[in-house]
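Here the structure is laid out as structure tokens; the discussion comes afterwards.
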Amino acid sequence: MSELHLPWLQLSVLLPLVGAVGVWWLKDRDRARTMSTIVCGATLVCAIGEWLDFATLGSFAAHDRWDLFQLLFHVDVYVVDELSAPLLPLGALAYLATVMTTLRTKSSRFAFGWTLVSESLLLATLSCRNPWLIIALLAAATIPPLLELRQRKQSTRVYVSHMGLFIALLVAGQLLVGVDASPANPPILAGCLLTAGALIRSGIFPLHCWMTDLFEKATLGTALLFVTPMAGAYAVMRLVLPVAPSWALQSIAILSLATAIYAAGMALVQRDSRRFFCYLFLSHSSLVLVGLEMATPIGLTGALCVWLSVGISLLGFGLALRSVEARTGRLSLDSFHGLYEHTPFLAAMFLLTGLASIGFPGTVGFIGTELLVEGAVAVYPLVGLAVVVAAAMNGVAVVKAYFHIFTGTRHIATVSMRCRPAERITILVEVVLIIGGGLVPQPGVESRYHASLALLEQRGDLGDEHAKDIYDDNATTLDRTEPAATDKNQNKP
Amino acid sequence: MTLETVLQFLGLIVVASPAVLLAALGLPLLTGIALSEDAQARLTKAGVVVGLVAAILILGLMLVTGSRHVPIELGHWVSIEQEHFHFHLKFVFDRLSVPFAILSFVLCGTVGAFATVYLHREQGYARFFLLYALFLLGMVVSSLAGTIETLFFGWELVGLSSTLLVAYFHERPGPVRNGLRVWTTYRLADAAFLVAALTMHHLTGAGDFAGLMGSGPWPEGVAAIDSWSALAVGLLLLLAAAGKSGMIPFSGWLPRAMEGPTPSSAVFYGALSVHLGTFLLLRVSPLLDVSLPLRIAVITLGLVSAVFGTLASRVQSDVKNALAFASLTQVGIITIEIGLGLRYIALIHMIGHACLRTLQLLRAPSVLRDHQMLEDAVGAHLTGDAVNPSRPATAFQLWLYRFALHRGYLDATLDRWIVRPFIGFFQWCEAMERRWTNFLSGGESLPSDRLKPYDDTLEDVA
């Protein structure tokens with residue numbers, strides 16, 4: 001397997017952990033916030049370094065140089081591949097942006113230490129392909145939000161029941177996966193259990209209520225960081241995709257589609273801004289799952305593109321909402337708030353990120369959504385139609401929320417609500433990513449297409465023509481043959 | 001320098017000028033730099049004039065050389081060769097697109113000139129011109145699109161800018177609600193458009209209009225699909241066109257769009273935006289030759305819309321609404337012409353009507369003022385019961401009056417049979433979810449329902 005030039009993955013995981021320890025020692029919240037920002041920034045640099053380093057290798061998968069686990073246990077724990085390579089910087093960006101946009105007035109409510117621990121767990125999950133380790137890390141990642149709910153004296157029963165079930169199903173499913181499991185020889189029961197577990201984490205209907213409950217009771221920052229990296233979708237890709245037959249995946253796609261439409265409809269009728277965001281996100285993440293389960297190159301490419309675009313755009317959308325809430329308190333969508341005149345930048349960010357999430361032309365989501373619909377139509381024409389309907393409803397919901405929050409009345413403020421420099425920087429970074437990715441989509445699409453081919457090749461779902469395309473690149477042929485064998489071994493119980 | 005190179009260069013300028021204008025107005029806003037009104041007006045003027053001159057030069061060159069079809073290839077925006085997925089960026093200058101692009105530049109330029117005066121010292125001046133640039137870009141891209149995906153791109157930009165322009169006076173709930181209504185209608189139309197585009201893509205293997213409508217220059221292309229496919233795709237496109245042009249049953253958004261600043265945004269909906277649907281029908285008109293039922297559907301929709309428009313326009317109590325429905329009448333007639341295969345007449349009608357309506361809408365506010373001034377001078381109402389004595393009306397006339405006054409009960413019908421059941425269903429789902437989470441939580445699970453807005457405001461803290 002190829003080696004990265006530096007131990008980027010281990011650094012990405014270790015830095016936030018060390019930072020968390022440092023933050024816990026600090027009593028001053030302002031200093032804790034500053035330190036968290038620095039640590040998240042350094043982690044993002046490492047994650048970007050990993051992405052760039054990996055891109056220069058031209059390989060399907062790579063592990064760290066001076067990999068401690070490799071040296072001690074002769075096991076490739078930290079491995080990055082074409083699927084996870086861009087997800088790491090995306091995850092790190094989410095944490096940095098969230099910490100940066102935490103206003104001083106909200107510092108006392110936001111647990112910086114646990115946030116850094118969550119970041120470490122997320123990046124470790126995304127750097128890992130061993131099923132058992134993924135399950136363990138996903139399980140561990142549920143703890144920080146739980147602690148926060150307890151600290152806020154909120155009922156944790158909804159969250160605990162769903163997360164408990166999710167972990168139990170994943171563990172039971174992985175125990176039942178056989179040595180020779182593959183899409184051609186699927187372990188049906190194990191596949192069902194793993195799928196159910198991963199779908200609960202993704203918030204699939206009707207087991208999605210934990211997500212609304214989390215948004216209701218946790219801080220918005222914590223809720224955002226727990227859901228926007230789409231760890232459930234990652235679990236599907238790592239645990240379910242390698243063993244599930246195509247018909248099973250397409251059945252899951254239908255279930256995801258139902259969730260996407262249901263959540264889009266629910267987003268339209270919400271009266272609370274957080275619940276609105278939660279349903280909007282749920283609808284989009286379900287659309288990603290629809291594409292992931294199509295198991296066709298176009299559908300999968302579309303899903304992987306939408307995964308990134310939704311990650312970028314809905315993160316920005318959520319942060320815009322969080323920034324507004326930091327100034328006004330919880331916002332209802334029953335009435336108009338007219339905040340545009342006070343926060344035009346946040347309004348612009350809210351609208352831009354919201355439109356990017358629905359795949360508006362010229363934004364990062366446009367081509368991904370087109371590919372997703374194209375892939376869906378190729379499998380089931382009606383599925384394609386339903387994806388379009390869900391996207392249309394989401395579009396209405398976004399503009400409705402924009403109008404309710406930023407227009408409709410004249411808001412009289414006694415203090416300035418202007419953007420802080422950190423927020424402005426975040427907005428500009430988001431704009432660059434959204435518009436830049438929208439105007440120059442080819443590199444991203446190419447990379448996602450290659451990743452989707454490699455993933456499908458692992459499943460043995462590609463015809464000769466596609467398989468030939470993957471192996472065309474002589475320099476990397478050897479590297480690309482490894483994942484199939486590696487993954488088969490990793491699915492051993 | 002060859003003729004082809006010159007045309008390519010000019011074509012790029014036509015498309016790039018509104019894009020550059022959008023960037024020139026948008027980037028300073030994003031970075032927090034406030035451009036003066038004068039600078040914005042100059043930039044707008046420059047963007048429009050450059051694009052217009054380039055378009056006229058292309059028209060001149062086409063007339064001189066006798067060329068009827070000038071494609072400007074910009075290559076693939078996105079391409080996955082192995083999957084035969086291409087997002088082809090191509091613009092076409094032909095007998096349909098060139099007049100429509102020039103019309104867009106001329107009318108937008110006129111609107112821009114009026115708006116700089118009309119919106120002087122308005123708080124939303126910069127926002128207006130940003131949306132104006134977005135609208136212009138959308139119109140130009142839609143007009144010149146050589147592929148259905150590119151047309152969809154422009155179509156969406158027009159939709160968004162139109163919506164935000166309707167809600168321009170956004171400190172009041174009325175314009176905002178109307179803007180949302182427009183957006184909802186547009187989203188429905190856009191969904192139909194997207195499905196039609198994908199279907200066409202699948203049927204012909206490409207989104208290129210040349211592939212879809214035959215190789216001949218407009219309007220002589222021959223659709224390369226069978227009659228049933230043409231009917232299915234055509235009906236979807238008809239739905240999209242009906243939404244964009246405010247035809248039956250979507251005409252409810254037309255009077256609502258008049259909430260925008262007078263006269264500027266009114267011109268968009270009275271003259272340009274409403275014609276985008278008919279432009280789409282003209283662009284895909286070879287489909288109509290393949291399917292007789294589709295042609296009948298187009299004629300019927302046009303007829304119903306025209307009759308409805310003329311009825312509604314006669315009873316409106318304010319001039320902008322009357323003009324909006326009068327526009328609908330003309331759009332309906334243009335649609336009938338398209339259905340009958342009178343494509344050049346439809347194109348000429350469209351251009352003529354857009355110019356006339358622009359003149360009317362721009363003049364409407366000052367006409368009213370002139371009228372009031374005259375009344376003040378005379379000291380009496382200029383018209384009244386003596387001029388138009390009331391006549392006894394039959395029951396049918398009264399019904400017709402009520403029908404027209406309530407705009408065909410279309411909004412009420414859509415609200416009652418589509419919006420309310422939809423919202424009702426999801427509100428029921430929400431109530432069920434609440435009961436379920438309450439049960440799981442062992443108590444109230446959604447405390448935010450009790451929260452009032454601004455419960456813990458920064459202002460309170462301060």
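In what follows, chains are A, B, ... by sequence order, proteins preceding strands, each numbered from 1. Please read all numbers here as calculations on a predicted model, not as lab measurements. Worth knowing before you read on, the calculation uses all heavy atoms, side chains too, and leaves out hydrogens, waters and symmetry mates.
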- Look at the side chain of A:Thr343 and the backbone N and O of A:Tyr340, then say whether any donor-acceptor pair between them is shorter than 3.5 Å. no
- Among B:Thr163, B:Leu30, B:Leu29, which has the most heavy-atom pairs under 4.5 Å with chain A? B:Leu30
- Greatest number of non-hydrogen atom pairs under 4.5 angstrom with chain B, of A:Ile367, A:Leu268, A:Val373, A:Val445, falls to A:Ile367
- Query: Counting N and O atoms only, with roles assigned by atom type, does the side chain of A:Arg420 sit under 3.5 Å from a partner on the main chain of A:Leu103, one being a donor and the other an acceptor?
  - Reply: no
- Query: What part of B:Trp436 gets closer than 4.5 Å to chain A, counting heavy atoms only: side chain, backbone, both or neither?
  - Reply: side chain
- Message: I'd like to know if the side chain of A:Arg157 and the backbone of B:Leu440 have a donor-acceptor N/O pair within less than 3.5 Å.
- Response: yes
- Item | Residue part contacting chain A, namely of B:Leu180, when any heavy atom lies under 4.5 Å | both
- Taking the side chain from B:Thr150 and the backbone from B:Gly146, do they hold a donor-acceptor pair closer than 3.5 Å? no
- Message: If you count every heavy atom of other residues, nucleotides or ligands that lies below 6.0 Å from A:Arg418 atom CZ, does the total exceed 12?
- Response: no
- Item | B:Ser441 side chain vs B:Asn438 backbone, donor-acceptor pair below 3.5 Å | no
- Message: At under 4.5 Å between heavy atoms, what parts of residues 188-196 of chain B are in contact with chain A? List them by residue number.
- Response: B:Ala191, B:Leu194, B:Val195
- Query: Yes or no on salt bridge (charged side-chain N to carboxylate O under 4.0 Å, His left out) for B:Glu430 and B:Arg435, after CA distance, side-chain angles and deciding distance?
  - Reply: CA-CA 9 Å; B:Glu430 202 193 1; B:Arg435 286 175 69 176; over 6 Å; no
- Message: Please identify, among B:Cys429, B:Ala197, B:Gly443, the residue contributing the most non-hydrogen atom pairs under 4.5 Å to chain A.
- Response: B:Cys429
- Task: Look at B:Arg172, B:Gln123, B:Glu171, B:Arg177 and state which one has the largest set of heavy-atom pairs under 4.5 Å with chain A.
- Result: B:Glu171
- Item | Contact origin within A:Phe403 toward chain B - heavy atom pairs under 4.5 Å | both
- Task: Just give me the residue among A:Glu374, A:Lys400, A:Glu446 that pairs up with chain B most often, heavy atom to heavy atom, under 4.5 Å.
- Result: A:Glu374
- Message: Using heavy-atom distances under 4.5 Å, tell me whether A:Val431 contacts chain B through its side chain, its backbone, both, or neither.
- Response: side chain
- Message: Taking side chain as everything from C-beta outward and backbone as N, CA, C, O, which of these in A:Met349 sits under 4.5 Å from a heavy atom of chain B? Side chain, backbone, both or neither.
- Response: neither
- Note on the structure: Looking only at A:Arg275, A:Glu370, A:His404, the option with the highest number of non-hydrogen pairs under 4.5 Å against chain B is A:Arg275
- Heavy-atom pairs under 4.5 Å with chain B, option from A:Asp213, A:Thr212, A:Leu371 with the top count: A:Leu371
- Task: Answer with side chain, backbone, both or neither: which region of A:Thr156 has an atom nearer than 4.5 Å to a non-hydrogen atom of chain B?
- Result: neither
- Intermediate values then yes/no, side chain to side chain contact (heavy atoms under 4.5 Å, CB included), A:His337 and A:His411: CA-CA 6 Å; A:His337 301 288; A:His411 181 83; 5.6 Å; no
- Row check, B:Tyr168 ring normal vs B:Arg127 NZ/CZ: under 6.0 Å, within 45°: yes
- Look at the side chain of B:Trp155 and the backbone N and O of B:Glu149, then say whether any donor-acceptor pair between them is shorter than 3.5 Å. no
- For B:Phe153, is it the side chain, the backbone, both or neither that has a heavy atom under 4.5 Å from a heavy atom of chain A? both
- Under 4.5 Å from any heavy atom of chain A - which part of B:Ile80: side chain
- Query: Counting heavy-atom pairs under 4.5 Å to chain A, which of B:Phe425, B:Trp77, B:Tyr186 comes out on top?
  - Reply: B:Trp77
- Can you tell which part of A:Ser155 gets under 4.5 Å to a heavy atom of chain B, answering side chain, backbone, both or neither? side chain
- Which class fits the ring pair A:Tyr159 and A:Trp210: parallel under 30°, tilted 30 to 60°, perpendicular over 60°? perpendicular
- Task: Among the options A:Val440, A:Leu355, A:Ile427, pick out the one with the most heavy-atom pairs lying under 4.5 Å from chain B.
- Result: A:Leu355
- Do the side chain of A:Gln154 and the main chain of A:Ala218 share a donor and acceptor less than 3.5 angstrom apart? no
- Verify the distance criterion only: is there a donor paired with an acceptor across the side chains of B:Glu433 and A:His208 at less than 3.5 Å? yes
- Message: Would you say CZ of B:Phe422 has more than 12 non-hydrogen atoms from neighbouring residues, nucleotides or ligands within 6.0 angstrom?
- Response: yes
- Message: Heavy-atom pairs under 4.5 Å with chain B: which of A:Ile435, A:Val389, A:Val388 has the most?
- Response: A:Val388
- Query: Which answer fits B:Arg181, side chain, backbone, both or neither, if we ask what part of it has an atom under 4.5 Å from a heavy atom of chain A?
  - Reply: neither
- Message: Using the ring centroid of each side chain, check whether A:Tyr279 and B:Phe426 are separated by less than 6.0 Å.
- Response: no
- Query: Distance-only, no hydrogens or angles: does the A:Ser273 side chain make a donor-acceptor pair with backbone N or O of A:Leu331 under 3.5 Å?
  - Reply: yes
